[in-house]
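We count residues from 1, following the sequence as given. Note that these values count all heavy atoms, side chains included, but never hydrogens, waters or copies made by symmetry. Atoms within each ligand, like the ligands themselves, are counted from 1 in listed order.
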Amino acid sequence: MNVPQQRKVVTEIPGPKSQEIIKRRSEAVSASLGMALPAVITNASGGILLDIDGNQIIDMGAGIAVVNVGNAAPAVVKRVQDQVAAFTHTCFMIAPYEGYIEVCEKLNELTPGKFRKKSALFNSGAEALENAVKIARHYTKRQAVVVFEHGYHGRTNLTMAMTAKNMPYKEGFGPFTPEVYRMPMAYPFRSEGNVDHVLEEVIHKIEKEIGTHNVAAIVIEPIQGEGGFIVPPKGFLPGLAKFAKASGALFIADEVQTGFARTGTWFACEDEGIEPDLITTAKGIAGGLPLAAVTGRAEVMDEIHPSGLGGTYGGNPIACAAALGAIETIQSQNLVARANELGKIMVEALNTMKAKYPVIGEVRGRGAMIAIELVKPGTKEPNGDVLGKVVKYAQAKGVLFLTAGTYGNVLRFLPPLVIGDELVNDAMSVLDEAFANVN
Ligand SMILES: Cc1ncc(COP(=O)(O)O)c(C=O)c1O
């Protein structure tokens, strides 16, 4: 590892060197771009980010579930170095190369679904979603796309329409693409009583408000990410998949955040044995290089006319080399099992904190995709204030935590899957200390 695996704070955060560069950032970079951690990073590996002032910060976000295999994972670095020295780009639509084909072979093999599959590669999660919808509309000859409350699918025009939350993603950016319909989401913590009725309500609304025969696709994250790590109750996803099948619509699982071992299986859909018609992936696929994919039933993926899909950079050879390195790392280090171990450590520590701090309303998630939802004690009223204070406190102590949630009150934990137990335990004790101090 190129960075010692230990938390160390040697200056205030941001330190003087970071402050200087961040000043340049504010002169040169559009103010529209957020910044969760005001520390300029120079190196990173395992579970540590090293900043320019020498602070070693525990990374509990993995660049939003991207570096599941850790930053600068050796197998990723080696393959990328070899590839970049060999050639950098031909455009796969102009002249093919084996890496692209190998990534598709791996995706077809690893994704759930005991049927023949094919894949196509793109650059970002949003682009994968755009293409999945194009494929579904073309294949079904229908237009309506069903999405869900609290869902997040990206920031392009179509994916903004598919995304639920207005601020900051959509405000002032409309008009949005038509034929996108948002349905109620089964959100156990915020639904009163039994959530089984939500599935019936969704089906009823689709029938009455869209017309089942108009639906091209039902698109859902198996565990909602940006919405606040909302895990639907058992039966909800299989019920939707079954309804999609019966009505001739495609069931599309957006596994951009949940994929690549994050939830303790290769893909989150495996938990209930769901076999989506199409799966979108990105983030964890390539150890930090920009790559995304749509994988699905061969007859669906092949129905599009030649040259109907593509793009200049989609499946760039360097990103494909990185993906092969990332997949190799997940397999050789058994990171699927590691995600479950990390989840256990975090859930145990968080439940202990929940018993002490009534501001923690719920601990939830699966594998190493865990979150806590913060509330005003004794209520379910969202508590974004405490969230902000806790995150700030932890940063000053050298721990990076990410936030999420429609109500801005969810603390999410997405550590790189190669992080050591000591670092996760250390991050959890800093969190405990933060709650004790800000409560
Ligand atoms: C579930 C899901 N879908 C799509 C996206 C969009 O991916 P990208 O930011 O790579 O466009 C994200 C990003 O957070 C996501 O979490």
Side-chain angles (χ1 to χ4, degrees), residues 32-34 36 61-68 111 120-136 145-165 168-170 173 176-177 180 182 185 187 217-232 237 251-263 267-269 274 276 278-295 311 313-316 319 322-323 326 365-371 402-406 408 410 412-414:
S32 62
L33 292 146
I64 323 187
V66 170
V67 284
N68 292 359
T111 49
L121 305 182
F122 305 98
N123 300 291
S124 69
E127 206 190 345
L129 267 298
E130 290 264 353
N131 279 282
V133 169
K134 277 166 71 171
I135 294 164
V145 176
V146 170
V147 293
F148 292 83
E149 288 170 351
H150 311 289
Y152 181 88
H153 301 286
R155 295 176 184 254
T156 57
N157 190 270
L158 171 62
T159 56
M160 275 192 293
M162 295 168 71
T163 289
K165 192 173 174 179
Y169 309 123
K170 302 165 75 164
F173 297 137
F176 304 112
T177 182
V180 174
R182 194 171 324 287
M185 177 66 192
Y187 184 166
I218 297 177
V219 186
I220 191 163
E221 304 153 76
I223 296 177
Q224 289 181 318
E226 304 303 300
F229 288 18
I230 301 166
V231 186
L237 297 173
F251 183 76
I252 303 179
D254 180 355
E255 294 246 18
V256 166
Q257 192 156 157
T258 50
F260 292 93
R262 175 53 56 188
T263 66
F267 295 94
C269 277
I274 295 159
L278 301 177
I279 298 182
T280 54
T281 51
K283 291 190 183 285
I285 193 174
L289 270 82
L291 188 70
V294 179
T295 300
Y313 293 114
N316 168 273
R366 207 159 65 226
M369 184 172 182
I370 301 295
L402 304 187
T403 60
T406 299
V410 172
R412 57 172 155 173
F413 308 95
L414 293 164

- Message: Can a side-chain donor-acceptor contact be found between Glu226 and Gln257 if the only test is distance below 3.5 angstrom?
- Response: yes
- What distance do Thr156 atom OG1 and Phe173 atom CZ have between them, rounded to the nearest 0.5 Å? 12.5 Å
- Message: Give the residues near ligand 1 by chain and number, with the criterion being a heavy-atom distance under 4.0 Å.
- Response: Ser124, Gly125, Ala126, Tyr152, His153, Gly154, Glu221, Glu226, Asp254, Val256, Gln257, Lys283
- Message: Please determine whether ring-ring contact (aromatic ring centres under 6.0 Å, His included) holds for the pair Phe413 and Phe229, giving the CA-CA distance in whole Å, both sets of side-chain angles, and the decisive distance to 0.1 Å.
- Response: CA-CA 10 Å; Phe413 308 95; Phe229 288 18; 8.5 Å; no
- Query: With a distance cut-off below 6.0 Å to the six-membered ring centre and an angular limit of 45° from the axis, does Lys165 pair with Tyr152 as a cation-pi contact?
  - Reply: no
- Item | No-hydrogen, no-angle side-chain donor-acceptor test under 3.5 Å, Asn157 and Thr177 | no
- Query: Are Thr406 and His150 linked by a side-chain donor-acceptor pair shorter than 3.5 Å?
  - Reply: yes
